[in-house]
Trainee: 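Just passing along the structure, written as structure tokens.
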Amino acid sequence: MSLQRTNAMTVDVEDYFHVSAFEKIIQPSDWSSCKPTVDYNTKRLLDLFAQKEIKATFFILGWVAEAFPQLIKDIAEQGHEIASHGMNHRRAATQTREQLSDDIKKSIDVLEQASGEKVLGYRAPSFSIGKENEWAFELLAELGLVYSSSTYPIAHDLYGTPEWPRFIHNRPEGIIEIPIPTLRSDNKNLGIGGGGYFRLYPYFLSKKRIQKFLKNESQPYSFYFHPWEIDPNQPRVSGASLKSKIRHYINLSRMEGKIDSLLTDFNWSTVQDVYLSDNKIKPSLLTQSSS
Ligand SMILES: [Zn+2]
């Protein structure tokens, strides 16, 4: 029965030149001269979701909403949830309180204007809310947001808070946090949330891991990926480290087929639909939480 559970499908809407892996070689001032692919690829995703009759949550960069307001309108009109991924993909951890507040507020304004929808959710770029900037949760509450999905309880070289809760919880600052899902293995948390890991591993293995999560935990699963991940023909960025290049380019040509299978093999909906009722955590998820 647990395998029939509805899970949250999320897309972090940003272009290949916004990603943290390339932040040292492409500055925000260079973005306008990069060939954008986010509009085209997000539309392909919208078609795929429509075909499978799936609604998703789109965590969108304010930069994308400014460049492609019609795209945001289309996403909202097709019944998907509009949420914020910040304005300029600067990691929350590298910004001062004032900078981060401006960044998120601006993104909410531009997304609400383009979509006509109220923004309730935020995902920090590269899951960059951790112990050193827990104050970021206070900001999110101040800005009127309801939930965040900005923490990844794993050990990773770029992000991660392995000792933080694995499941949805109320933060003392008045924000609901929905961590990226993990699998317990050898006393460690294994990242199974999507993106790079999903591209790296063969689909049958990812599927098995998600099934294991659903069997072991009385929680919904949530998945994230990016529009550029289904585009093997995206312009190549030169000057990045080998590690960054491998992370960004590995198995791009297989991703669309994998996503297609994933959409078919599990049930999906928006974050709001899966986790919240009346802007609060669904009681069934709180009482069964075992983190
Ligand atoms: Zn991102």
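When a ligand or atom number is given, it counts from 1 through the structure's own listing order. Because only heavy atoms are used, hydrogens play no part in the values below, and waters and symmetry mates are left out as well, while side chains stay in.
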Trainee: Would you say the side chains of Asp74 and Gln70 form a donor-acceptor pair under 3.5 Å?
Mentor: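 Their side chains do contain a donor-acceptor pair, which is all the 3.5 Å distance test asks for.
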Trainee: Say whether Lys52 and Thr264, considering side chains only, have a donor N or O and an acceptor N or O under 3.5 Å apart.
Mentor: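 Distance-only check passes for Lys52 and Thr264.
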Trainee: How about His89: does one of its N, O or S atoms come closer than 2.8 Å to the Zn ion (ligand 1)?
Mentor: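 Given the 2.8 Å cut-off, His89 counts as a ligand of the Zn ion (ligand 1).
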Trainee: Check whether any N, O or S atom of His226, backbone or side chain, sits closer than 2.8 Å to the Zn ion (ligand 1).
Mentor: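 Here the distance criterion (N, O or S atom, under 2.8 Å) is not met by His226, so no.
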Trainee: The Zn ion (ligand 1) to Glu14: any N/O/S contact under 2.8 Å?
Mentor: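 It does: Glu14 brings an N, O or S atom closer than 2.8 Å to the Zn ion (ligand 1).
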Trainee: Is a side-chain donor-acceptor pair under 3.5 Å present for Glu177 with Thr151?
Mentor: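 A donor-acceptor contact under 3.5 Å links the two side chains.
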Trainee: Is there side-chain contact between Phe59 and Val11, with heavy atoms separated by less than 4.5 Å?
Mentor: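 The answer is no, as the side chains (C-beta and beyond) never meet within the 4.5 Å cut-off.
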